[in-house]
> 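Below: one structure in structure tokens.
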Amino acid sequence: MGKIVLVTGAARQLGGRFVRRVQRDPGVERVIAVDAVVPGHQLGGAEFVLADIRQSAITRVLAEHSVDTVVHLDVSAKASGAGGRTTVKETNVIGTMQLLGACQKSPTVQRLVVKSSTNVYGSAPRDPAVFTETTTPKALPSGGFAKDAVEVEGYVRGFARRRPDVAVCVLRFANILGPEPDSPFADYLSLPVLPTVFGYDPRLQFVHEDDVVDVLEIASREPRRGTLNSGTFNIAGDGVLLLSQCSRRLGRPTVPVLLPAVTWVGAALRTIGMTDFSPEQIRLLTHGRVVSTVQMRETLGFRPRFTTAQTFAEFARSQGPGLLPPERVSRAVGRLAELPLGGERAGTTHSTHGAR
């Protein structure tokens, strides 16, 4: 008998991809795909169950199918159907509580994988240069999806204490990008002109959609020899990009806005439905965030196929040309960098140390 895997959030693009992938695992007998809305994509040979994880019916689903592996992907910053922020929060937090309650009662569940986010670290001016999985944030997120993720992880830790016999893996993903992104940050990068915070150029990390599916598969099965897929892991591609580099590679001009006015700009963008420019996203665009992936490599045994730069390049190709051709922007920036500093006379040499 092979494993019976239940996947929540199957109607989302990422959930659908993982459902189709995990069916190819020879150790998997059946896949139960669950969501509150009917998927608009194919799920292969998986059995789809129309169920809302916020309701107690999820307990019956686990029991009826004798599920032994649960992959919880229905934790997101965007609604997959009708509804706004309230619906998203209820699904993230209340839905996770109901799902964990069902797993706690189930005698067959042996493994739980939860999709989380590096948003749990927040973004603050006194943050460390690099977050590890054990770093305590200087300031916990006060709202939005970041706060949801913090609450979800708290409930997961409680479940792990009550059911020590269940292997629990929490994956904290950096911003997920690729040819078919589905996140508020991808929506922001898709704007024709990018509002930025005046005086700040944050460091950013990305993880490719393909790598997300790959690491979820690793987390959902028995660990390979010499690895351990229980615990909490940061997942991101190698390297970092500055927001200014992102805008140039997209060919999109930026509009620096003074920090007090950024909140007003975000509210305006939300009002016209262009993007979910939330306070947590504003903090990310101000202070940035970089996480360590040492545990991902050395303990989980996962090495992403795409670096942060390669991931962003895939996303940029899917967006089409921006208002400013990236090649021309790059040449212009190069020429500006070669110009002498203001007030210099020909033949005068100055140190550029610390001028970045």
> Please assess Lys89 against Ile94 for the test side chain to side chain contact (heavy atoms under 4.5 Å, CB included), listing each intermediate value before the final yes or no.
CA-CA 8 Å; Lys89 182 174 181 62; Ile94 305 301; over 6 Å; no

> Would you say Arg252 and Pro192 make side-chain contact, with heavy atoms under 4.5 Å?
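Contact flag for Arg252/Pro192 side chains = no.
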
> Assess, by modelled atom type and distance only, whether the side chains of Thr132 and Thr135 contain a donor and an acceptor separated by less than 3.5 Å.
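Yes, Thr135 and Thr132 have a side-chain donor paired with an acceptor closer than 3.5 Å.
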
> So if you build clusters from Ile, Leu, Val, Met, Phe, Trp, Tyr with side-chain heavy-atom gaps below 4.5 Å, do Leu284 and Leu177 land together?
yes

> Whether the side chain of Asp201 engages the backbone of Ser244 through a donor-acceptor N/O pair (distance < 3.5 Å, no angle test) should be reported.
yes

> Find out whether Phe198 and Val257 are in side-chain contact, i.e. whether some heavy atom of one side chain is under 4.5 Å from a heavy atom of the other.
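When only atoms from C-beta onward are counted, Val257 and Phe198 do not touch, as no gap falls below 4.5 Å.
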
> Tell me, please, which residues at least two apart from Thr136 pass side chain to side chain donor-acceptor pair (under 3.5 Å).
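With neighbours one apart ignored, the set is empty.
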
> Give me the atom names and distance for the closest heavy-atom approach of Thr96 to Ile53.
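For Thr96 and Ile53, the tightest heavy-atom pair comes out as N-CD1, 4.4 Å.
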
> Roughly how far, to the nearest 0.5 Å, is the CZ atom of Phe233 from the SG atom of Cys169?
5.5 Å

> Taking it one step at a time, do Arg297 and Asp238 satisfy salt bridge (Lys or Arg N to Asp or Glu O under 4.0 Å)?
CA-CA 11 Å; Arg297 294 173 176 278; Asp238 289 345; 2.3 Å; yes

> What distance separates Leu242 CG from Cys246 SG, expressed to the nearest 0.5 Å?
8.0 Å

> Could Arg17 and Asp210 be called an ion pair, given the rule that one side-chain N must be under 4.0 Å from one carboxylate O?
yes

> Is there side-chain contact between Arg289 and Thr118, with heavy atoms separated by less than 4.5 Å?
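Counting from C-beta outward, Arg289 and Thr118 do come under 4.5 Å.
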
> Does any part of the side chain of Leu243, heavy atoms only, come nearer than 4.5 Å to the side chain of Leu204, both counted from C-beta?
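Contact flag for Leu204/Leu243 side chains = yes.
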
> Go through the steps to decide whether Leu6 and Val61 satisfy the test side chain to side chain contact (heavy atoms under 4.5 Å, CB included), and finish with yes or no.
CA-CA 9 Å; Leu6 181 140; Val61 175; 3.7 Å; yes

> Check whether Val7 and Leu100 end up in the same hydrophobic cluster, where Ile, Leu, Val, Met, Phe, Trp and Tyr are linked by side-chain heavy atoms less than 4.5 Å apart.
no

> For atom OH of Tyr200, decide whether the heavy atoms of other residues, nucleotides or ligands shown that lie under 6.0 angstrom number more than 12.
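Open.
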
> Run the salt-bridge test on Arg283 and Glu280 with the 4.0 Å N-O cut-off and return the result as yes or no.
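The answer is no: the pair does not qualify as a salt bridge.
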
> Do side-chain atoms of Asp25 reach the backbone of Val22 as a donor and acceptor pair under 3.5 angstrom?
no

> Using the side chain to side chain donor-acceptor pair (under 3.5 Å) criterion, which residues pair with Ser190? Sequence neighbours excluded.
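Here the qualifying residues are Gln319.
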
> Is any side-chain heavy atom of Gln295 closer than 4.5 Å to one of Asn234?
no

> Would His41 and Arg20 count as a side chain to side chain contact (heavy atoms under 4.5 Å, CB included) if you check the C-alpha gap in whole Å, the side-chain angles of each, and the deciding distance to 0.1 Å?
CA-CA 10 Å; His41 44 248; Arg20 293 190 294 272; 4.0 Å; yes

> Look at the side-chain heavy atoms of Ile, Leu, Val, Met, Phe, Trp and Tyr, link any pair under 4.5 Å apart, and say whether Val156 and Val34 land in one connected group.
yes

> Rounded at 0.5 Å granularity, tell me how far CD in Gln110 sits from OG1 in Thr69.
7.0 Å

> Report yes or no: do Phe302 and Val212 belong to one cluster of Ile/Leu/Val/Met/Phe/Trp/Tyr joined by side chain heavy-atom distances under 4.5 Å?
yes

> So which heavy atom on Ala11 is nearest to which on Asp35, and how close?
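Closest heavy-atom pair between Ala11 and Asp35: N-OD2, 2.8 Å.
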
> Do Val207 and Met296 share a hydrophobic cluster (ILVMFWY, side-chain heavy atoms under 4.5 Å, transitive)?
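Yes: a chain of side-chain contacts under 4.5 Å links Val207 to Met296.
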
> Work out which heavy atom in Phe48 is nearest to a heavy atom in Val38; give both atom names and the distance.
CZ-CA, 4.1 Å

> Would you call Phe206 and Thr307 a side-chain contact if the rule is heavy atoms closer than 4.5 Å?
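Contact flag for Phe206/Thr307 side chains = no.
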
> Can you name the closest pair of heavy atoms from Ala219 and Val113 and give their distance?
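Taking Ala219 first and Val113 second, the nearest heavy atoms are O-CG2, 3.4 Å.
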
> With sequence neighbours left out, which residue pairs that include part of residues 217-229 fulfil the side chain to side chain donor-acceptor pair (under 3.5 Å) condition?
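Passing the test, one end in residues 217-229: Arg21-Glu217, Arg111-Asn229.
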
> To the nearest 0.5 Å, how far apart are CZ in Phe131 and NZ in Lys138?
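Those atoms lie 9.0 Å apart.
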
> How many angstroms lie between atom OG of Ser247 and atom CG of Leu241, to the nearest 0.5 angstrom?
10.5 Å

> Would Arg162 and Gln104 count as having a side-chain donor-acceptor pair, cut-off 3.5 Å?
yes

> Among side-chain atoms of Asn175 and Tyr188, is any donor-acceptor pair under 3.5 angstrom?
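Absent: no donor and acceptor within the cut-off.
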
> Quick one: does Ser117's side chain have a donor or acceptor within less than 3.5 Å of a partner on Asn119's backbone?
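Yes, because the side chain of Ser117 sits within donor-acceptor range (under 3.5 Å) of the backbone of Asn119.
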
> Are Gln245 and Phe312 close enough that some pair of their side-chain heavy atoms sits under 4.5 Å apart?
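Result no, sub-4.5 Å side-chain heavy-atom pair not found.
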
> State, to 0.1 Å, how close Ser292 and Glu133 come at their nearest heavy-atom pair, and which atoms those are.
O-OE2, 4.0 Å

> Output yes when Asp74 and Arg54 qualify as a salt bridge under the 4.0 Å nitrogen-oxygen rule, no when they do not.
no

> Under 4.5 Å between any side-chain heavy atoms of Gln23 and Arg30, yes or no?
no

> Judged by modelled atom types alone, do Asp68 and Thr108 share a side-chain donor-acceptor pair under 3.5 Å?
no

> Is it the case that over 12 heavy atoms from other parts of the model lie below 6.0 angstrom from the CD atom of Glu64?
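Enclosed.
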
> Applying side chain to side chain contact (heavy atoms under 4.5 Å, CB included), run through Asp187 and Asp182 and close with a yes or a no.
CA-CA 8 Å; Asp187 293 344; Asp182 182 23; 5.9 Å; no

> Which pair of non-hydrogen atoms, one from Gln205 and one from Val240, has the smallest distance, and what is that distance?
CG-CG1, 3.9 Å

> Can Thr311 and Thr308 be said to form a side chain to side chain donor-acceptor pair (under 3.5 Å), step by step?
CA-CA 5 Å; Thr311 298; Thr308 284; over 6 Å; no

> Among Pro181, Pro179, Pro304, which residue meets the side-chain contact (heavy atoms from CB on, under 4.5 Å) test with His208?
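So the option named by the test is Pro179.
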
> Within this structure, what is the CG-CD distance for the pair Asp148 and Glu90, rounded to the nearest 0.5 Å?
10.5 Å

